[in-house]
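The first residue of the sequence shown is numbered 1, and numbering continues consecutively from there.
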Amino acid sequence: MRAFSVIVLSLAAQAQTPDPQLEKAVLAHQAGRIDDAISGYKSYLTRNPTNYEIRSNLGAALARAGRYTEAITEYESALKGAPTNVGIGVNLALAYYKSGDIPRAADELIGLQALAPENPQVSLLLADCWLQMGENAKVAELLRPQEEKNPDDLALAYLLGTALVRDGRVEEGQRLLNRIFERGDSAEARLMLGTAKLNAADFAGAMEDLAKAVEVNADLPSAHSYYGQALMATGDTAAAASEFRKELTLNPNDFTANLNLAVLLKQDQEFAEAKTHLERALKIRPRDLRVRYQAATIHLAEGRVEDARKELESVIQEAPQFVEAHVTLATVYYRLKRKEDGDRERAIVERLNAEIQKNQPKGEKLP
């Protein structure tokens, strides 16, 4: 799901009177000479601008060259000529996906679901997008009916099991995990098991399974990200940062790796790089409160107190129980010489902490 499906027309699919220049472009594309293919497709389209198939080819070539913004433009133009073409629609969604606009990719895939509800590529890619956006319940709702029809599809089982585990439905996820283990020990199974242990605060157990996952398959999506979380939870921040960077090398759009690496960079006062990762995280999950809170703390550390105030007030308006945000906002108000507002925030913090302590199970310490 992390590779582009490239639509390349065979020479036999061209017009009855082949265009020599187009033939060269298609052959160049197939041979991996992408710059030549792009040049050839563009030249052909100046003479045949309504050929949506070749415009889609151009989009695929541009995407392969990493020029996703241009690819999106070509795919959208191609879809005007073939609005129900699922293949072009998938490629458009993938271009958004690869450019980091996961929500827009999901929107495109939702539309494709109506056109091709049984298309497994559409379903799995949409599930992958929702998983990255933290929409675990949506993943379960989408994939559960398909899993019942396709019990041997391990990719589907992995996505569904991961969503269930991350949503706290560990027993349901364990059933799918066992199905994967039945095929032998695997990085995917270790990742799911490690994620479950991480969610249960069994950090030592999580580290063991997640270390095994990255050892077996260093390219497994999310494995380095979750291993980094386990390392971070045990205080090994240097190793955690290294794992987050490895994840982002594989997938620059991993939300958790971007957010947590930004937190570690902020601690080291590497504010510029930290903000870059927060911006990418926010692009994946727009208006995420954790990202916005971290951005506000960086504003404060840089002396941009008024910017910090605005962001924190916005966060608290949406999440009035966010204790850390109230604590930081109190500090901001005191910096701004607004003692009455600062005192009010401190009182709110005391009340919220008292409520948390009251609701805490007896004998269990606050985190």
Q. So, Tyr96 and Asp101: side-chain donor and acceptor under 3.5 Å apart, yes or no?
A. no
Q | Exercise: do Tyr227 and Glu247 side chains pair donor with acceptor under 3.5 Å | A | no
Q: For residues His29 and Tyr41, establish whether the separation of their ring centroids is below 6.0 Å.
A: yes
Q: Return yes if a side-chain donor-acceptor contact under 3.5 Å exists between Arg166 and Thr195, otherwise no.
A: no
Q: In sequence, state the C-alpha distance, the side-chain angles, and the governing distance for Lys310 and Glu306, and then conclude on salt bridge (charged side-chain N to carboxylate O under 4.0 Å, His left out).
A: CA-CA 6 Å; Lys310 291 177 182 178; Glu306 190 61 26; 5.1 Å; no
Q) Hey, does Asp153 have a side-chain heavy atom less than 4.5 Å from the side chain of Glu147? A) no
Q: Answer with yes or no whether the side chains of Tyr226 and Thr256 bring together a donor and an acceptor at under 3.5 Å.
A: no
Q: Tell me yes or no: between the side chains of Tyr97 and Asp128, is some donor less than 3.5 Å from an acceptor?
A: yes
**Q.** Residues Glu243 and Ser225: side-chain donor-acceptor under 3.5 angstrom
**A.** no
(Q) For Ile88 versus Tyr75, what's the shortest heavy-atom pair and its separation? (A) CG2-O, 3.9 Å
Q. Is there a donor in the side chain of Arg285 and an acceptor in the side chain of Gln132, or the other way round, less than 3.5 Å apart?
A. no
Q: For the residue pair Asp307 and His299, confirm or rule out a side-chain donor-acceptor distance under 3.5 Å.
A: no
Q. Between Glu208 and Arg190, is there a salt bridge with N-O shorter than 4.0 Å?
A. no
**Q.** Arg338 NZ/CZ over Tyr333 ring centroid, <6.0 Å and within 45° of normal
**A.** no
